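To start, the structure under review is shown below, and the notes come after it.
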Amino acid sequence: MGFACEDLTTNRSLSIYSGWLEQHCQPNFRTNVTPDPSTCCGPYKPLKGFKNDKPPSLQKAVDVHSHDTIGMIAVDKQGNVATGTSTNGASHKIPGRVGDSPIIGAGSYADSSVGGAAATGDGDTMMRFLPSYQAVENMRMGADPTTACRKAIARIQKHVPVFFGAIICANHTGSYGAACCKAPGFSQFHYTVFKPGLSQPLLEVVDCL
Ligand code: GLY
């Protein structure tokens, strides 16, 4: 797309990484490996009898301070819809972890005949439910954007009552909404809107379900 390759490491991310190394790589989500991941940094090998690590549970690692996914929905004058996400993933993730953000339908989804949606939060939970796809399909079936977002979150909550996550929705005419799941330390979700007639972005907020 013409963007120059650049190192996105910041002084802050470097200092978080150094602090993690100094704490003997804690928190650490590896299991069934040697050396003991609760006290040692790797390199790790699977314990005898295990082919590989179990998937991590990142619930503890993800909170309002550690989430950093940027999700966007753009609707142009003709009603064309585009969505995108950008993320650093989850803090202290295992190398090779793929979160929800790059997965179409999980991180975001767009269909210009309907609208778009983009999600943020605990990707290990959310990617199992394709919430962005679900929200767009909800709008296709007639739901307004707020209801479409709420239904997508509620569908996850049926299986995982408390998780960290939020979703934004916009239809191809420019109406929009959002929803989030109430979790410890997370009771509201803020998002920004820019639309014709505004001279600056509008900060919106929703109470979590
Ligand atoms: N939502 C970002 C991630 O879990 O990787």
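Counting starts at 1 for both ligands and their atoms, following the listed order. Because the structure is a prediction, the values reported are computed rather than measured.
The atoms of ligand 1 that sit less than 4.0 Å from any heavy atom of Ser101 are 1 (N), 2 (C). Ligand-side atoms of ligand 1 in range of Gly89: 5 (O), range being under 4.0 angstrom from any heavy atom. Numbered from 1 in the order shown, with element, the atoms of ligand 1 that lie under 4.0 Å from a heavy atom of Thr69 read 1 (N), 2 (C).
Checked by distance only, ligand 1 and Thr87 stay at 3.5 Å or farther apart across all their nitrogen or oxygen atoms. Residue Gly123 places at least one N or O, backbone or side chain, under 3.5 Å from an N or O of ligand 1. Taking distance alone, with nitrogen or oxygen atoms compared against 3.5 Å, Gly99 stays at or beyond that limit from ligand 1.
In Arg97, the part holding a heavy atom less than 4.0 Å from any atom of ligand 1 is the side chain.
Checked by atom type and distance alone, the side chain of Thr85 pairs as donor or acceptor with a backbone atom of Ser101 at under 3.5 Å.
For the side-chain hydrogen bond (donor to acceptor under 3.5 Å, both in side chains) criterion with Tyr44, the lone passing option out of Asn28, Asp36, Thr34 is Asn28.
Within 6.0 Å of OH in Tyr133 there are 12 or fewer heavy atoms belonging to other residues, nucleotides or ligands. Annotation for His190: atom NE2 counts as buried by contact number, over 12 foreign heavy atoms lying within 6.0 Å.
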Notebook entry, point to check: So Cys180 and Cys208, disulfide (SG to SG under 2.5 Å) or not? Walk me through it.
Noted result: CA-CA 5 Å; Cys180 50; Cys208 294; 2.0 Å; yes
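The aromatic rings of Phe189 and Phe186 sit perpendicular, their planes meeting at an angle over 60°, well past the 30° parallel limit.
If you check each of Thr120, Asp124, Asp100, Thr125 against atom 3 (C) of ligand 1, the one with the closest non-hydrogen atom is Asp100.
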